[in-house]
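Worksheet for the structure shown next.
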Number of protein chains: 2
Amino acid sequence: MAYRETGKVREHKAAQRELLLATGEALVREGGFAALTVQALAARAGMGVGTVYRYFRAKDELATEVFRRATEREVAAVAAALAGQPDAVASLRAAIGCFARRALRAPRLAWGLIAEPVDPAVDAERLRYRAAYAELFEQVIAAGLRAGELPPQPTRLAAAALVGALAEALVGPLADHQADEPVIHELTLFCLRATGARLAEQENDHDQTDGFAPGRARGHA
Amino acid sequence: MAYRETGKVREHKAAQRELLLATGEALVREGGFAALTVQALAARAGMGVGTVYRYFRAKDELATEVFRRATEREVAAVAAALAGQPDAVASLRAAIGCFARRALRAPRLAWGLIAEPVDPAVDAERLRYRAAYAELFEQVIAAGLRAGELPPQPTRLAAAALVGALAEALVGPLADHQADEPVIHELTLFCLRATGARLAEQENDHDQTDGFAPGRARGHA
DNA sequence: CATAGGGCTGAATCGTGATTCACTTGGCCA
DNA sequence: TGGCCAAGTGAATCACGATTCAGCCCTATG
């Protein structure tokens with residue numbers, strides 16, 4: 001007998017796979033999924049093209065995995081922002097603010113997750129991504145309905161429309177890229193009005209629960 | 001001397017070009033811009049691949065032209081629906097209804113114009129398309145502001161968010177594809193609330209100005 | 001009808017990026 | 001150390017659609 005996979009090797013393989021996924025996300029953050037080519041990935045990760053295929057059956061699989069991870073992180077952040085909010089309006093504010101800040105901070109990634117055209121395989125994942133967001137918003141709206149905070153409305157439709165409004169205003173081609181906070185503030189008001197929340201007309205919008213540490217640099221596209 | 005382009009030939013060339021554009025749009029209506037390949041186009045139009053290049057310098061040019069025409073028709077329809085509306089709320093209702101009905105009637109096309117990833121050349125055109133829509137909505141909102149019908153808000157942002165909400169709810173992956181009219185009705189309410197329109201709470205939403213003849217078949221995706 | 005100047009054709013070519021594979025390298029055990 | 005096996009390599013190959021072009025065909029004149 002001459003060879004058996006040892007712990008060190010196993011660790012190394014896991015690290016390689018991890019490296020590929022991290023590098024893949026970095027590429028996506030810089031240039032969207034279009035920039036995620038096997039050649040570029042291998043070069044950036046410091047390995048040969050063929051090696052990539054030792055860790056992923058096909059590029060689809062890799063891209064899907066990169067998408068899924070980023071997705072899960074984003075959705076989890078929004079879900080976390082929702083936790084413990086006292087009412088539906090506060091929840092909506094928190095969710096919108098969280099979504100918006102993260103999207104504005106990583107616009108290419110957000111665009112990749114939300115809108116960029118990629119393969120069918122990734123598109124299937126995107127469906128789940130949007131659905132997950134819509135689900136979050138839907139539940140908040142439903143809760144608001146039950147509590148009488150929001151007027152009757154089809155929750156699914158409203159949730160979809162919210163996601164669309166946020167996406168378009170933030171990462172769509174119409175995004176103005178002005179100072180972030182005022183945009184977020186106005187967009188929040190827009191969404192709250194859309195769902196029929198009764199606004200107190202004084203907007204103390206000091207919620208910043210977005211899962212990020214407060215100070216950091218961010219480049220504009 | 002032996003040949004000079006005669007009227008008949010000129011007409012034929014114009015017809016050929018027209019045929020290509022129309023066929024191109026048909027392909028897009030069926031399968032989005034992804035289905036608009038030179039091969040498919042030539043086959044469908046009943047001519048050789050090379051002939052296509054006699055009428056268009058490159059595929060980009062053709063795709064852009066197909067996009068532009070469809071775009072102009074859509075935007076014109078919405079603009080027409082706006083004409084002569086008494087106030088901002090009526091205008092919003094008309095614009096939203098028109099946009100929505102047309103999008104639901106030709107979902108693939110709408111998706112192609114709004115969201116499908118295509119070449120950079122076409123994307124530039126898309127920018128103009130969205131901007132044109134946003135422009136329409138923006139002006140309505142601005143008028144509403146001046147008239148005191150709508151509360152203060154950044155018109156550009158609100159317009160973008162409206163376009164996004166409509167697009168996502170109607171042609172996005174979250175679209176539910178239920179009966180059209182109820183969806184349009186609810187979406188209209190959503191948008192009116194979003195812009196802060198004071199709703200009379202009785203919704204007589206009998207506006208159907210969408211530029212189409214009333215009865216026709218439409219397939220669900 | 002003969003001839004000239006396009007128009008039309010579609011197989012061949014190109015470009016771009018994914019995928020393969022014959023080979024080299026390095027870790028594991030006796 | 002020697003032998004074995006998996007990991008790594010990257011040039012070659014594929015796939016797919018845009019683009020070209022050498023040759024065929026049609027229309028308009030004299």
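Naming convention: chains lettered A, B, ... in sequence-line order (proteins, then strands); numbering from 1 in each chain.
- Closest approach to the A:Ala58 side chain among C:dT19, D:dT19, D:dG8 is made by C:dT19 (side chain taken as heavy atoms from C-beta onward).
- One can place CZ of A:Arg10 at 18 Å from P of D:dC5, the figure rounded to the nearest angstrom.
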(request) Check the pair A:Arg73 / A:Glu25 against salt bridge (charged side-chain N to carboxylate O under 4.0 Å, His left out), numbers first and verdict last. (result) CA-CA 12 Å; A:Arg73 198 171 341 107; A:Glu25 181 172 326; 2.8 Å; yes

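- Nearest heavy atoms, A:Ala134 versus A:Ala159: O-CB, 3.4 Å.
- Close to C:dC8, at under 4.0 Å from its OP1 or OP2, lies no side-chain N or O of B:Arg54.
- For A:Val38, the listed nucleotide lying nearest its side chain is C:dA18; candidates were C:dC8, D:dA7, C:dA18.
- Here A:Arg54 pairs with nothing under the salt bridge (charged side-chain N to carboxylate O under 4.0 Å, His left out) rule; sequence neighbours left out.
- Atom CG of A:Leu19 is separated from atom P of D:dA7 by 16 Å (rounded to the nearest Å).
- Among the heavy atoms of the strands, none lies under 4.0 Å from B:Ala42.
- As a whole-Å value, the separation of A:Tyr53 OH from D:dG10 C1' is 13 Å.
- For the pair A:Arg57 and A:Ala34, both in contact range of DNA chain C, the more 5′-proximal nearest nucleotide belongs to A:Ala34.
- Across C:dA18, D:dG17, D:dG8, the shortest atom-to-atom separation from the side chain of A:Thr37 is found for C:dA18.
- In terms of heavy-atom proximity, A:Phe33 sits nearest to A:Ala63 at CE2-O, 3.9 Å.
- One can place NZ of A:Lys59 at 11 Å from C1' of C:dT16, the figure rounded to the nearest angstrom.
- Between B:Tyr55 and C:dC8 there is a side-chain polar atom (N or O) within less than 4.0 angstrom of OP1 or OP2.
- The side chain of B:Gln39 sits closest to D:dT19 out of C:dT19, D:dT19, D:dG8.
- The separation between B:Arg17 atom CZ and C:dC8 atom P is 14 Å, rounded to whole Å.
- The shortest distance between side-chain heavy atoms of A:Ile184 and A:Arg101 falls below 4.5 Å.
- Put simply, CD on A:Glu61 is 10 Å from P on C:dT19, counting in whole angstrom units.
- If you measure from atom CG of A:Leu41 to atom P of D:dG10, you get 14 Å, rounded to the nearest angstrom.
- Taking atom CD of A:Gln16 as the reference point, atom P of C:dG26 lies 14 Å away to the nearest angstrom.
- A sub-4.0 Å separation between OP1 or OP2 of C:dG7 and a side-chain N or O of B:Lys13 is present.
- Using a 4.0 Å cut-off, some side-chain N or O of A:Thr51 falls inside it from OP1 or OP2 of D:dT9.
- Nearer the 5' end of DNA chain D, as judged by each residue's closest nucleotide, is the contact made by A:Gly50, out of B:Val49 and A:Gly50.
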